[in-house]
Amino acid sequence: MFSLQSQDRPNVILVLTDDQGIGDLGAHGNPWLKTPEIDAFYDDAVRMTNFHVSPLCTPTRAAIMTGKYPINNGAWATYKGRDALSNSVTMADVFQQNGYKTALFGKWHLGDNYPNRPTDAGFDTAIHHLAGGIGELSDYWGNDYFDDVYYVNNEPKQFKGYCTDVWFNETINFIKHNKDDPFFVYLPLNAPHDPLYVDEKYAAPYRHLEGKHIVSANLYGMIANIDENFGKLNRFLKAEKLEKNTIVIFMSDNGTRFGYRAADNLGYNKGFKGIKGQKEEGGHRVPFFIRYPKAKIKGGKDNNELAAHIDLIPTLTSLCALNVPDSLSLDGIDFSPVLQNTNASLRERALFLHNRQDWRPPTQEHDGLVLQNEWRLLKGKEVYNIIDDIGQKQNLAKEHPQLVKDLKSKNTTFYTSAMANDVFTELPVTIIGSEHQKEIKLTIQHAIGDDSGIWKTEQVAAGVKNKNNRYAIEVASAGTYKISCMRWSKEVPGPVLGIPNKHPKSNFEYVAISPDKVRIQIANQILEKTINANEASIDFQVYLEKGKTLLVTDFVFGTDTYGVYYTYINKI
């Protein structure tokens, strides 16, 4: 086994792509997509060929950062108040506490406000967009992947260039300035997540295939751009003589969304059933390639041991010889032994994937998936042998009743344990009145409620009504607070009853709405104001005691109420 002295700790770069499925790579047999740089890395990496994540963005990112299943860290959805951590200890915290320089470039999607921003979670440097995607209604208004405004340690800054290029360029710049110390770079891309925007030069080679063999040329173009940038990063590491002592990981956060459409027989999914959001194998089995030449983790080897997102903290802390806090309770295991010896094996275990697009906890069976060896138990009643039947066409539950019973029993034990955690019932909170963030911005995208989700800027511009209206708040210090309810984001100011000056980068239609009043409820107080013409912000002053509470903000249309799009909170 490889022996490591503390002064020789390796650097770590974790590249996480967004919605790139198991088949969205040339190295995985895609007959149309060209990814020469990632393929070259594949040829020299150890490949975990049975690696699993959650089938959605936030749950996977939360599991990577905490080493805990989403149902155990509270972030099991992509909106509705369950797309943030609960002030958790993260992977970045561990690296930072062990003397590493830490940085994030790209998509966080684990909280836009204190205490769950990247800079609150162990990152010295963070350059990222907000919410789950560039151009979403919680992000900086007008962002469209090109020449956008991103947040540099929480302050908005204008950038030039395409988003993926920016994330990789900033990574290289960070490494240049920090290469004398061990560094941990988390590079979670927003590509190739939709909207599928990319320079036509990347998509053009695939345009003739669109609708005949593939779903989207733009998707392939976005992946081609990632591939180009990944190659640039690897050449930089080699030129700086950092390659041998740097752990580089390439992986994705869930199955494909636009790379495969079974109904039309378009695209390629490596033979697996399921895409993003689904519990079938294609929704959660993802590429996972790792290279660390100094520890002989290289050479183009496959390992089919069952591994998952929750295993990254124990594996990386082992490879880097980090001290891990005793208080850090992890669900994962260290799979580094099989990286250094592909003939080694891990202990048999079951994996549990529970997620739900709601503020309520995932249910035990319907929202759950159990993986053990070659078996997959879906919804507590479907069993598939993933080796004999990778397309999951034959439910073997009737043939294996004892197996179903055993896997259901393990799931019950796991779920019962999860129910005992505070995060199972306690919502992640946004803290107001703290010196760490003066102004809090709340958006309907993160609002709790029973309506369907709303997350697009164009939905706000069109005045789409949505009932979600609640936010979990913690008041850090007693005092008077100003709560400002707005129709439009501050980046594109306009009256509540009108429309703003059209944003130069927003080509969708702006539509006026006509609520009569705005009503807020917080800490046993209900306040209401009539909306006057040309008012851009309906402001309330409330005295709040220290502690946790719920805030409700509504536009009132006669007898109907709908959630306010943007709410800003400042302590006076």
Side-chain angles (χ1 to χ4, degrees), residues 2 4-17 41 44-48 51 53 60-61 63-67 89-106 108 118 121-128 167-168 170-189 229-230 233-234 236-238 240-253 287-298 307 309-325 328 330 332 334-337 339-340:
F2 178 68
L4 179 68
Q5 301 297 318
S6 60
Q7 64 268 27
D8 296 323
R9 286 175 173 168
N11 309 304
V12 178
I13 303 174
L14 173 53
V15 180
L16 179 72
T17 60
F41 183 76
D44 193 35
V46 173
R47 291 94 59 152
M48 299 299 291
F51 192 91
V53 295
T60 289
R61 290 155 197 267
I64 290 172
M65 279 292 107
T66 66
V89 176
T90 70
M91 178 187 291
D93 285 318
V94 176
F95 276 104
Q96 188 181 62
Q97 291 162 13
N98 280 269
Y100 276 66
K101 300 295 185 182
T102 59
L104 173 144
F105 304 103
W108 175 237
F123 288 101
D124 301 315
T125 300
I127 302 178
H128 71 300
W167 310 138
F168 276 93
E170 292 299 327
T171 294
I172 289 172
N173 289 336
F174 175 83
I175 294 172
K176 283 179 180 178
H177 290 96
N178 292 278
K179 63 183 180 179
D180 294 334
D181 296 302
F183 56 80
F184 166 61
V185 173
Y186 179 42
L187 186 47
L189 309 178
N229 276 289
F230 189 71
L233 175 61
N234 277 304
F236 165 77
L237 294 174
K238 190 171 185 178
E240 295 291 327
K241 296 182 170 50
L242 294 169
E243 182 182 44
K244 289 185 178 179
N245 200 38
T246 299
I247 298 170
V248 179
I249 294 171
F250 179 90
M251 63 177 292
S252 178
D253 67 346
F288 185 93
F289 315 146
I290 179 170
R291 186 188 65 197
Y292 176 18
K294 194 171 182 179
K296 297 185 171 26
I297 299 175
K298 62 186 183 69
H309 46 17
I310 56 170
D311 300 329
L312 285 180
I313 289 182
T315 300
L316 289 175
T317 54
S318 175
L319 288 172
C320 299
L322 304 187
N323 296 316
V324 180
L328 190 60
L330 301 174
D334 171 16
F335 64 79
S336 64
L339 298 175
Q340 296 172 312

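To the nearest 0.5 Å, the span separating CG on Leu330 from CG on Leu312 amounts to 11.0 Å. Here Lys238 contributes atom NZ and Thr246 contributes atom OG1; the two are 13.5 Å apart, rounded to the nearest 0.5 Å. Distance check, rounded to the nearest 0.5 Å: CG of Leu187 to CZ of Phe105 gives 8.0 Å.
By the 4.5 Å heavy-atom criterion applied to side chains, Pro118 and His128 are counted as neighbours. Using a 4.5 Å heavy-atom cutoff, the side chains of Ile290 and Ile247 are in contact.
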Decide yes or no on side-chain contact (heavy atoms from CB on, under 4.5 Å) for Ile297 and Leu319, but give the supporting numbers first.
CA-CA 10 Å; Ile297 299 175; Leu319 288 172; 3.8 Å; yes
Under the side-chain contact (heavy atoms from CB on, under 4.5 Å) rule, what do Val248 and Phe289 come out as? Steps first, then yes or no, please.
CA-CA 8 Å; Val248 179; Phe289 315 146; over 6 Å; no
Checking side-chain contact (heavy atoms from CB on, under 4.5 Å) for the pair Leu14/Met251: CA distance, chi angles, key distance, verdict?
CA-CA 8 Å; Leu14 173 53; Met251 63 177 292; 3.8 Å; yes
Go through the steps to decide whether Ile13 and Ile175 satisfy the test side-chain contact (heavy atoms from CB on, under 4.5 Å), and finish with yes or no.
CA-CA 10 Å; Ile13 303 174; Ile175 294 172; 3.8 Å; yes
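Among residues two or more places apart in sequence or in another chain, the ring pair (Phe, Tyr, Trp, His ring centres under 6.0 Å) test is passed with Phe183 by none. The side chain to side chain donor-acceptor pair (under 3.5 Å) search around Thr171 returns none, not counting sequence neighbours. Under the salt bridge (Lys or Arg N to Asp or Glu O under 4.0 Å) criterion, Glu170 pairs with no residue at all, not counting sequence neighbours. Judged as a side chain to side chain contact (heavy atoms under 4.5 Å, CB included), and not counting sequence neighbours, the contacts of Leu322 are Arg9, Val94, Phe95, Asn98, Tyr100, Thr317, Cys320. Looking at residues two or more places apart in sequence or on another chain, you find a side chain to side chain contact (heavy atoms under 4.5 Å, CB included) between Asp44 and Arg291, Lys298. Taking the salt bridge (Lys or Arg N to Asp or Glu O under 4.0 Å) definition, one finds that Lys179 meets it with Glu240, sequence neighbours left out. Evaluation of the ring pair (Phe, Tyr, Trp, His ring centres under 6.0 Å) rule for Phe288 yields Phe51, Phe335 as partners, not counting sequence neighbours. In this structure Asp124 satisfies the side chain to side chain donor-acceptor pair (under 3.5 Å) test together with Gln96, Thr102, sequence neighbours excluded. For Phe230, the ring pair (Phe, Tyr, Trp, His ring centres under 6.0 Å) partners two or more places apart in sequence, or in a different chain, are Phe41, Phe250. For Thr315, the side chain to side chain donor-acceptor pair (under 3.5 Å) test picks out no residue, with sequence neighbours left out. In this view, Thr66 and Asn73 satisfy the side chain to side chain donor-acceptor pair (under 3.5 Å) rule, not counting sequence neighbours.
Contact record, Ile313 with Ile64: CG1-O, 3.8 Å, taken as the closest heavy-atom pair. Nearest heavy-atom pair across Val53 and Ser252 is CG1-O, 3.9 Å. Between Phe174 and Thr125, the shortest heavy-atom distance links the atoms CE1-OG1, 3.9 Å. Across all their heavy atoms, Pro182 and Asn11 have their closest contact at CA-OD1, 3.3 Å. Nearest heavy-atom pair, Pro188 versus Tyr186, reported as atom, atom and distance to 0.1 Å: CD-O, 3.0 Å. Here the closest heavy-atom approach between residue Gly332 and residue Pro314 is recorded as C-CG, 3.8 Å.
No side-chain donor-acceptor contact under 3.5 Å links Ser318 to the backbone of Asp334.
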